[in-house]
Amino acid sequence: MCLSVPGKVVEIRNNMASVEVGGLLRDVSMAVCPDAAVGDYVLIHTGFAIQKLDEKEALETLELLKRLVEMR
């Protein structure tokens, strides 16, 4: 099963971005979502930003994922 997770774009260089997810930075391709900018939240799947997200929606999803991890 694959899971897409939201992250916040902190830097963009060429067609790649550094995206913060749970305190960690990940390098993500912006090829599928070129309209995202620094400060935007994006949905990440298999190393690609696939969609821009509303900040409120992204933060709610991150909180739910955090709760799931804490339940383990």
Side-chain angles (χ1 to χ4, degrees):
M1 178 171 89
C2 295
L3 180 66
S4 299
V5 295
K8 186 173 186 176
V9 178
V10 296
E11 180 184 8
I12 299 175
R13 58 198 177 288
N14 299 325
N15 205 25
M16 296 294 290
S18 291
V19 179
E20 189 269 325
V21 178
L24 300 172
L25 289 178
R26 302 201 177 268
D27 289 328
V28 174
S29 172
M30 300 300 285
V32 180
C33 192
D35 60 326
V38 171
D40 286 342
Y41 282 86
V42 292
L43 192 59
I44 303 166
H45 182 69
T46 63
F48 289 86
I50 59 172
Q51 172 183 339
K52 279 181 28 175
L53 294 175
D54 172 75
E55 182 176 2
K56 182 181 178 210
E57 179 183 2
L59 294 175
E60 287 174 357
T61 302
L62 287 168
E63 180 60 31
L64 289 171
L65 291 171
K66 180 181 172 185
R67 286 188 203 169
L68 284 172
V69 170
E70 291 171 352
M71 290 174 61
R72 291 178 73 196

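Residue V9 comes nearest to I12 through the heavy atom pair CG1-CG1, 3.6 Å, listed as atom of the first residue, atom of the second, then distance.
Summarising the geometry, atom CD belonging to E60 is positioned 11.0 Å from atom CD belonging to E55; distances are rounded to the nearest 0.5 Å. Here the straight-line distance linking atom NZ of K66 with atom CD of E70 works out to 5.5 Å at 0.5 Å rounding.
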Can you list, pair by pair, the side-chain donor-acceptor contacts under 3.5 Å of residues 41-54, counting residues two or more places apart and other chains?
residue	atom	partner	partner atom	Å
H45	ND1	S4	OG	3.2
D54	OD2	K56	N	3.1
D54	OD2	E57	N	3.2

Without placing hydrogens or testing angles, list every side-chain donor-acceptor pair under 3.5 Å for residues 15-35, not counting sequence neighbours.
residue	atom	partner	partner atom	Å
S18	OG	R13	NH1	3.3
E20	OE2	G22	N	3.3
E20	OE2	G23	N	2.4
D27	OD1	R13	NH2	3.1
S29	OG	A31	N	3.2

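Criterion: ILVMFWY side-chain heavy atoms under 4.5 Å apart, direct or through other members. Under it, L62 and V69 are not part of a common hydrophobic cluster.
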